[in-house]
Amino acid sequence: MKKILWLAVVILVASPLVVYFEWIVGGYPWVKNEMEMDIRNYFTSRGYERESVKDIQVLYNRKLGNYTAKVIFRGEEDNIYYYNSLALH
């Protein structure tokens with residue numbers, strides 16, 4: 001009986017961690033890397049040079065549960081452009 005109770009407690013504690021793991025860690029690294037590559041490919045397909053992009057930061061928005069990329073171009077360091085995955089398709 002104690003083993004069953006112990007197992008039930010472990011399941012109750014572990015299940016929220018599994019369900020909200022993406023929220024806890026701030027987004028999955030492989031999704032962030034894939035989105036960064038999608039953005040680079042998107043700009044390349046639009047005729048931008050690869051060197052024209054200074055920085056791409058992919059962030060996970062915990063409130064909305066989606067990924068957003070912050071893009072800064074060389075020569076336009078004062079301007080920040082935001083892209084989500086829907087804008088790339």
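Throughout, residue positions are numbered sequentially from 1 according to the sequence presented. Computed from a predicted model, the values in this text were never measured in an experiment.
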Original post:
Are side-chain heavy atoms of V71 and V53 found at a separation under 4.5 Å?
Top reply: yes
**OP:** For the pair Y42 (side chain) and M37 (backbone), establish whether a donor and an acceptor sit closer than 3.5 Å, ignoring hydrogens and angles.
**Re:** no
Subject >> R40 side-chain N/O to R50 backbone N/O, donor-acceptor pair under 3.5 Å >> reply: no
Subject >> Those residues that, when tested against Y81, pass ring pair (Phe, Tyr, Trp, His ring centres under 6.0 Å) (two or more places apart) >> reply: F73
Original post:
Where do Y67 and Y83 land on the ring-ring contact (aromatic ring centres under 6.0 Å, His included) test, with the steps shown first?
Top reply: CA-CA 9 Å; Y67 293 85; Y83 294 87; over 10 Å; no
Original post:
N66: what forms a side chain to side chain contact (heavy atoms under 4.5 Å, CB included) with it, not counting sequence neighbours?
Top reply: N61, L64, T68
Original post:
With a cut-off of 6.0 Å (strictly less than), are more than 12 heavy atoms of other residues, nucleotides or ligands near CD of E49?
Top reply: no
To the nearest 0.5 Å, tell me how far [X] [atom1] sits from [Y] [atom2].
| X | Y | atom1 | atom2 | result |
| --- | --- | --- | --- | --- |
| M35 | K32 | CE | NZ | 11.0 Å |
| I39 | N84 | CD1 | CG | 9.0 Å |
| E34 | W30 | CD | CH2 | 11.0 Å |
| N33 | Y28 | CG | OH | 14.5 Å |

**OP:** Any chance you could pull the hydrophobic cluster mates of I80, using side-chain heavy atoms under 4.5 angstrom and chaining through other members?
**Re:** I72, Y82
